[in-house]
Amino acid sequence: ILEMTHVSLPEAVGMLTRNPAHAAQVADHKGLLRAGYDADLLVMDSSLTLQATFCCGQLAYATEAWQARMGAAVAQITDD
């Protein structure tokens, strides 16, 4: 999709985050990762396939593969 639209990934992210927050008149607490804003976040892989969703800072959805990767990463950190 990025190739078809000729926009950069940062531009596309803004179009999918900040612009909708403004349109919905909630840009004072949504649309950015910033202190005081809701911690709503999508985690995507390099193919832009959804791997996890956080709503208000809480994990709401995660693929089994992402959960396994995160479990392995946490185990590695705690072993070091």
Side-chain angles (χ1 to χ4, degrees):
I1 294 177
L2 295 177
E3 295 88 14
M4 291 178 2
T5 61
H6 303 290
V7 297
S8 68
L9 183 56
E11 290 171 320
V13 169
M15 291 176 192
L16 296 170
T17 58
R18 194 75 177 137
N19 292 355
H22 278 287
Q25 299 179 345
V26 294
D28 62 328
H29 64 278
K30 291 191 177 289
L32 296 173
L33 290 178
R34 180 181 287 171
Y37 280 61
D38 295 347
D40 298 338
L41 177 71
L42 299 178
V43 178
M44 298 182 173
D45 64 16
S46 60
S47 300
L48 300 180
T49 300
L50 182 65
Q51 297 297 307
T53 302
F54 288 84
C55 297
C56 293
Q58 300 295 315
L59 182 63
Y61 164 81
T63 64
E64 289 183 23
W66 189 82
Q67 289 178 32
R69 283 196 305 276
M70 291 304 100
V74 169
Q76 183 178 3
I77 291 168
T78 57
D79 288 346
D80 290 344

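Values in this document were obtained by computation on a predicted structure and should not be read as measured data. Atom set for the values below is all heavy atoms of this structure, side chains included, hydrogens, waters and symmetry mates excluded.
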How close do [X] and [Y] get, heavy atom to heavy atom, and via which atoms?
X: Leu59; Y: Ala52; result: CD1-CB, 4.1 Å
X: Val7; Y: Ala12; result: CG2-CB, 4.2 Å
X: Gly36; Y: His29; result: O-CB, 4.4 Å
X: Met44; Y: Leu50; result: CG-CA, 4.2 Å
X: Gln51; Y: Tyr61; result: O-CE2, 4.1 Å
X: Gly14; Y: Pro20; result: O-CD, 4.3 Å

What distance do [X] atom [atom1] and [Y] atom [atom2] have between them, rounded to the nearest 0.5 Å?
X: Thr63; Y: Arg69; atom1: OG1; atom2: CZ; answer: 6.0 Å
X: Arg18; Y: Leu16; atom1: CZ; atom2: CG; answer: 14.0 Å
X: Cys56; Y: Leu41; atom1: SG; atom2: CG; answer: 12.0 Å
X: Thr53; Y: Gln58; atom1: OG1; atom2: CD; answer: 13.5 Å
X: Leu42; Y: Phe54; atom1: CG; atom2: CZ; answer: 10.5 Å

Does a side-chain heavy-atom distance below 4.5 Å link Leu9 with Leu48?
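A side-chain contact under 4.5 Å exists here.
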
Is there a chain of hydrophobic side chains (I, L, V, M, F, W, Y, each step under 4.5 Å between heavy atoms) that links Leu33 to Val43?
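Leu33 and Val43: one cluster.
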
N/O donor-acceptor pair under 3.5 Å between Asp45 side chain and Ser47 backbone
yes

